[in-house]
Amino acid sequence: EGGIPSMKACNAACIACISEDHCGTASPQNRLDFVPTVQEIVEVASEHLLKARDAIISFGQGCEGEPALNGKRLSQAIHRIRNLCSQGTINMNTNAGYCEGVKLMTDAGMDSMRVTIFSAIEENYIAYHCPQDYSLADVEYSIAYAREHGVKISLNLLTFPGFTDRMEEVEALVEFVRKNQVDMIQLRNLNIDPEFLMRIFPGKSPVLGISNFIKLLERELPGVRIGSYTHTVHRK
Ligand code: SF4
């Protein structure tokens, strides 16, 4: 395990990152300052999967960096966990920009993947997430690979009234969900100074209102679950 290199903590610099300050405002939490060994991960994860009802373990909870960057270490952990137990759900919360890491996690037996996205319009996606070495096309590639290998896909949609429910954003989101065959959209409140955000994304497109936005999603995407958290995957 000592031979597995741990990589940089994240490949993005999201404006409202909750684990690192990217815009001059203190983040509410700090990232782990150590990298757990494969054995430590396996011990904690398998204990939970073996004993809890409808158990889920998540890599990347609270967005403490991008877990796929440590895909080598985490995929080894998943292999060992699945040797110990088959029940429960193994999930990753990710920006899905590092395709190689997503592939490793998928091949190891990840059950579900929640992909954080602020906008399905590339220009706005880049302005918010500030990806360092990937594009929205890489995110789509990761989703396609995972989905084709049986992983359930959720979007973690960072939701901000007055932005997310703009007509142009809604249209792009519906197209993205259809094209990428997303199973679920999780609406996640984006906590940020509204004036700060609106200065970056002024926009003049008509705004639906969040209730109408949700109704529109339900109407346009009938097979897609709308909710707020990851559900257990019941494997066949
Ligand atoms: S992907 Fe997550 S950890 Fe990385 S900068 Fe964005 S919010 Fe922060």
Side-chain angles (χ1 to χ4, degrees), residues 5-36 41 56-75 77 90-106 110 112-143 145-146 151 153-160 163-164 169 173 176 180 182 184-194 196-197 200-201 228-230:
S6 59
M7 301 177 67
K8 58 185 176 175
C10 194
N11 51 355
C14 304
I15 291 172
C17 178
I18 57 172
S19 63
E20 188 134 302
D21 157 27
H22 297 292
C23 289
T25 309
S27 60
Q29 67 185 50
N30 299 316
R31 292 178 183 163
L32 296 180
D33 57 7
F34 70 99
V35 181
I41 297 167
I56 301 180
I57 61 144
S58 283
F59 297 108
Q61 196 64 44
C63 219
E64 66 269 13
E66 171 48 46
L69 295 178
N70 279 304
K72 200 166 178 185
R73 183 179 299 257
L74 300 186
S75 58
I90 299 178
N91 175 70
M92 172 163 68
N93 298 321
T94 175
N95 61 37
Y98 182 53
C99 306
E100 286 311 308
V102 171
K103 279 182 174 180
L104 286 172
M105 306 274 288
T106 300
M110 174 172 69
S112 61
M113 181 168 87
R114 191 183 75 185
V115 179
T116 294
I117 190 170
F118 173 68
S119 170
I121 297 174
E122 176 123 41
E123 185 188 346
N124 291 341
Y125 179 91
I126 290 172
Y128 177 84
H129 295 282
C130 307
Q132 288 158 15
D133 53 8
Y134 69 91
S135 66
L136 199 50
D138 293 307
V139 174
E140 296 190 71
Y141 178 86
S142 293
I143 291 175
Y145 185 88
V151 175
I153 307 293
S154 290
L155 287 189
N156 184 40
L157 182 68
L158 299 178
T159 303
F160 192 91
F163 177 84
T164 313
E169 287 295 327
L173 176 68
F176 185 94
N180 295 288
V182 169
M184 180 179 192
I185 301 172
Q186 299 183 28
L187 303 174
R188 184 83 46 234
N189 289 349
L190 177 65
N191 295 314
I192 193 167
D193 179 338
F196 179 77
L197 191 77
I200 302 171
F201 300 101
S228 65
Y229 64 92
T230 299

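Whatever order the structure lists them in is the order used to number ligands and atoms, beginning at 1.
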Answer whether the closest heavy-atom distance between the side chains of Phe59 and Met105 falls below 4.5 Å.
yes

Out of Ala13, Gly65, Cys10, the nearest non-hydrogen contact to atom 4 (Fe) of ligand 1 is supplied by Cys10

Under 4.0 Å from one or more heavy atoms of Ser19, ligand 1 contributes atoms 3 (S)

Quick note on ligand 1: atoms under 4.0 Å from a heavy atom of Asn95 include exactly 1 (S)

To the nearest 0.5 Å, atom CD1 of Ile41 lies from atom CG of Leu74 at 5.0 Å

Residue set satisfying side chain to side chain donor-acceptor pair (under 3.5 Å) with Ser135, at least two apart, ordered chain then number -> Asp138

A student checking ligand 1 against Ala12 at a 4.0 Å heavy-atom cut-off should list atoms 5 (S)

Nearest non-hydrogen contact to atom 8 (Fe) of ligand 1 from the set Pro67, Cys130, Cys17 belongs to Cys17

Under 4.0 Å between heavy atoms, the region of Glu66 that gets near ligand 1 turns out to be neither

Only one of Asn156, Asn93, Thr116, Thr230 passes side chain to side chain donor-acceptor pair (under 3.5 Å) with Gln186, and that residue is Thr230

Q.
Between His129 and Asn95, is there a side-chain heavy-atom distance shorter than 4.5 Å?
A. no

So for His129, does at least one of its heavy atoms come nearer than 4.0 angstrom to any atom of ligand 1?
no

Residues passing the salt bridge (charged side-chain N to carboxylate O under 4.0 Å, His left out) test with Asp133, sequence neighbours excluded, are Lys8

Judged by heavy atoms only, the candidate from Ser27, Pro131, Cys14 nearest atom 5 (S) of ligand 1 is Cys14

